[in-house]
Protein chains: 2
Amino acid sequence: MLFRLIYDDALAQAAYLVGCQRTREAVVFDPERDVDRYIDLAASEGLRIVGAAETHIHADFLSGTRELCERVGAAAYLSAEGGPDWSYRWLTKKSGGGSYAHRLLRHNDSFDIGGVRVRAVHTPGHTPEHLCFEITDRGSGAGDAMGLISGDFVFVGDVGRPDLLESAAGQVGAMEPSARALARSLREFNALPEYLQLWPGHGAGSACGKALGAVPQSTVGYEQRFNHALALASDEGAFVRDILSGQPEPPAYFARMKRENRDGPAVLGAVPAPRPISAGDVPNGAAVLDTRPWEQFRDGHLRGALSAPLDRSFPTVAGSFVEPGEDIALVCEASEVDRAVRMLVRVGLDRVVGFVLPSMISSAPGLVRTKEVDAPGARALVASGRVAVLDVRRGAEFEAGHIDGATNIAHVRLGPRIEAVPRGKALLVHCQAGVRSARACAYLEKRGFDVTNLAGGYAAWEKARG
Amino acid sequence: MLFRLIYDDALAQAAYLVGCQRTREAVVFDPERDVDRYIDLAASEGLRIVGAAETHIHADFLSGTRELCERVGAAAYLSAEGGPDWSYRWLTKKSGGGSYAHRLLRHNDSFDIGGVRVRAVHTPGHTPEHLCFEITDRGSGAGDAMGLISGDFVFVGDVGRPDLLESAAGQVGAMEPSARALARSLREFNALPEYLQLWPGHGAGSACGKALGAVPQSTVGYEQRFNHALALASDEGAFVRDILSGQPEPPAYFARMKRENRDGPAVLGAVPAPRPISAGDVPNGAAVLDTRPWEQFRDGHLRGALSAPLDRSFPTVAGSFVEPGEDIALVCEASEVDRAVRMLVRVGLDRVVGFVLPSMISSAPGLVRTKEVDAPGARALVASGRVAVLDVRRGAEFEAGHIDGATNIAHVRLGPRIEAVPRGKALLVHCQAGVRSARACAYLEKRGFDVTNLAGGYAAWEKARG
């Protein structure tokens with residue numbers, strides 16, 4: 001058996017390639033949409049991808065399962081659990097007509113990829129249809145499982161949040177029953193053998209939980225010992241209270257991902273390769289994602305551009321502030337275009353029409369600046385009564401301490417909550433350190449607000465206390 | 001705690017970066033010599049490398065521990081076990097004078113990197129001084145260990161070979177006592193808790209064992225269940241017989257690695273960046289590593305060049321056929337130079353003086369060809385009695401079936417065994433499929449032999465049986 005982790009740092013997302021060296025076949029678990037990476041990795045190991053499996057209908061990225069079905073004729077292995085609301089609706093929509101080769105799995109169903117046995121384990125909670133995949137290396141003669149591909153069920157040091165159906169996808173009343181279902185699934189997890197490897201779907205930084213560890217994988221026994229949420233599962237009331245509090249606000253694009261992953265992500269074909277364009281060639285109405293450092297953006301950017309440096313926040317920022325129908329122009333070095341485009345298609349933003357080199361911005365006509373003040377300046381502004389304060393941190397941060405009279409909307413929720421942004425006054429926008437608020441300022445300017453960013457954020461504000 | 005695997009595909013070598021997010025400190029276990037990768041990875045996670053630890057004195061690559069001591073002032077954590085023959089001799093040889101910060105560890109000694117507790121476990125067998133490192137994430141409140149960095153003690157599905165001191169480093173009589181020591185260490189491993197992660201020093205393809213699995217890591221409990229060598233450890237006699245048979249021939253450069261890792265690898269400073277040169281500029285006496293596909297090499301190469309495509313065999317081929325004092329010129333695309341140079345410095349070949357673009361070879365004067373025949377042609381040659389047959393496969397392959405009268409020398413041992421190569425007749429050189437023998441042919445031509453490669457190797461030979 002061959003086993004490989006393919007990790008996306010920005011979305012903190014883990015896909016797994018599992019293959020049989022004897023039959024030269026492989027299956028990818030939870031692929032992202034730019035599937036050439038999996039195909040190339042498999043080929044470099046002499047393997048052919050014959051299957052693509054999903055632990056659940058993802059909310060944080062667009063699945064590459066359909067793409068693998070189209071591109072290499074992989075069979076789809078998907079959950080048949082969870083009821084009609086979250087059943088897959090794309091299996092009969094093959095390009096050119098007909099159905100994809102597929103198998104819908106119920107609890108305890110299994111399939112083989114050469115000598116690799118894969119058994120589905122229904123683990124509802126994060127989502128109703130959620131499966132884990134137990135992997136057994138029968139080709140090496142093993143009679144017992146090696147480990148569990150756990151998706152968004154159990155992470156290293158955390159468990160998958162059960163609130164997204166309600167908080168992200170708007171299914172009112174789903175949160176508490178989901179949390180109770182999760183507690184039941186976790187109690188079954190507690191009966192698994194200690195020695196099993198645990199291969200989770202996400203690592204530190206993912207918005208699919210609140211405290212994921214920065215260790216790529218774990219074991220069942222270690223989580224049984226030290227996973228706080230798992231330990232609570234035996235006390236269902238306490239578990240439900242704990243798991244439903246303090247979760248980060250889900251980015252606005254999560255609802256769309258869930259819908260598209262159920263109904264069928266558009267077939268990509270190949271990773272788009274946008275052409276170089278001049279600043280004047282940016283199409284009217286296109287979303288401009290400007291990847292330059294904030295200071296450069298602040299001091300002069302194309303009107304309506306979004307500030308989106310190519311760090312780990314890029315897909316979340318793009319997913320939160322760009323609508324899927326919009327054309328996109330990047331401000332980006334040529335060497336970074338492919339990386340940026342991949343991050344975009346992973347959240348379903350495919351219409352990248354061109355990129356402008358950063359060196360061409362300074363000479364472009366009609367550049368605009370974004371206002372920024374330091375903490376003493378911000379205190380003076382607030383004292384003057386001329387600004388309303390918008391705090392774009394997470395709710396849990398806001399509750400731990402905030403500026404008097406501030407409105408709190410997490411930066412990743414500004415799109416759907418734009419009506420709640422104070423009107424009639426200029427805005428002083430801040431977060432904890434000044435990074436998220438910079439992204440928010442660019443977006444709010446695009447939406448017509450008069451904004452000033454607080455450099456250094458709430459941390460600087462507190463330090464500047466007189 | 002942050003944990004990252006940094007894997008070298010060619011040497012199938014695993015280094016681990018382990019850090020504490022609170023104190024922003026990190027330690028690298030078993031670093032290779034181009035340490036900028038670890039430094040950059042740590043920096044991207046906001047960490048500073050303060051320590052470098054070695055499980056043992058490596059035979060298959062040159063250690064980067066001293067390099068990290070020089071470059072970032074890391075403290076060295078090394079074994080004090082194993083006796084004077086294999087004690088480190090470089091700790092007092094800091095550039096500019098003085099000693100490196102270091103700590104010599106005995107069994108059960110521990111050190112802390114922020115909230116990470118590292119405990120040394122003496123596990124002799126592969127080498128006398130071998131340590132494993134037990135990792136405990138105290139920063140997250142864990143009272144028990146998370147896993148074991150196992151070096152070349154226990155791999156996924158195999159154990160580290162105990163014969164290298166004798167078979168590679170020439171310490172006569174060391175093999176059997178080492179195997180018995182390994183059996184004792186393994187019996188202690190069998191008492192460890194099942195849930196621990198196992199982070200081995202090598203993966204599939206390494207020459208440090210015979211049957212390493214293609215799964216990056218494992219658990220103690222899984223190996224206790226399914227590791228064949230580990231299961232044998234309770235029967236010491238059977239274990240010793242089994243573990244000492246069928247091991248691959250150690251490449252010729254292993255002896256040098258062990259010596260240099262003990263005495264102190266030369267300080268590199270930075271990864272060499274050779275300049276582009278023309279074929280005519282290759283210095284007299286330089287070793288030419290021609291990375292083009294075999295067919296192109298065969299049909300015309302610089303006199304004395306070695307055939308060394310940039311696949312996973314590259315470091316082994318270079319390490320086996322280039323002497324450390326030699327200047328090296330690459331025939332290589334500009335975009336591949338850095339990758340090639342890194343693979344070379346990892347086996348202590350630092351003197352890369354330039355690279356020639358592949359497109360410039362065809363017009364170079366004085367190109368030579370290497371002879372090659374298909375299997376029927378080879379059978380005719382052998383029947384004519386005009387050639388001696390040199391079989392460059394591993395001994396175990398040779399014993400399973402070979403051409404009558406063939407001499408067997410594994411291709412990676414041709415250097416030290418050059419006196420055993422038949423003289424006075426042209427050579428028909430073959431391996432199993434024709435790849436290793438192609439590398440061997442180039443080397444033997446350089447050493448003055450008249451060689452013909454058997455395309456398709458012994459497999460084709462057998463197929464062509466009349």
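- Residues F3(A) and P216(B) have side chains in contact (heavy-atom distance under 4.5 Å, counting atoms from C-beta outward).
- Contact annotation: the side chain of V215(B) never approaches that of R4(A) to less than 4.5 Å [non-hydrogen atoms, C-beta and beyond].
- No other option in Q224(B), H228(B), M146(B) has as many heavy-atom pairs under 4.5 Å with chain A as M146(B).
- Taking the charged nitrogens against the carboxylate oxygens, E45(A) and R312(B) do have a contact shorter than 4.0 Å, which makes a salt bridge.
- Remark: the backbone N or O of Q217(B) is paired with a side-chain donor or acceptor of Q197(A) at under 3.5 angstrom.
- With a 4.5 Å cut-off on non-hydrogen atoms, Q21(A) touches chain B through its side chain but not through its backbone.
- Evaluated for a side chain to side chain contact (heavy atoms under 4.5 Å, CB included) with T219(B), the options T219(A), L198(A), L196(A) yield exactly one hit, T219(A).
- With a threshold of 4.5 angstrom between heavy atoms, D144(A) approaches chain B through its backbone and through its side chain.
- Interface residue A145(A): only backbone heavy atoms are found under 4.5 Å from chain B.
- For chain A, the option among E194(B), R225(B), M1(B) with the highest count of heavy-atom pairs below 4.5 Å is R225(B).
- To the nearest 0.5 Å, the span separating CD on E223(A) from OH on Y195(B) amounts to 11.5 Å.
- Ranking G19(B), G213(B), G157(B), A142(B) against chain A, the residue ahead of the rest is A142(B), based on heavy-atom pairs under 4.5 Å.
- Contact annotation for Y222(B): both backbone and side-chain heavy atoms come within less than 4.5 Å of a heavy atom of chain A.
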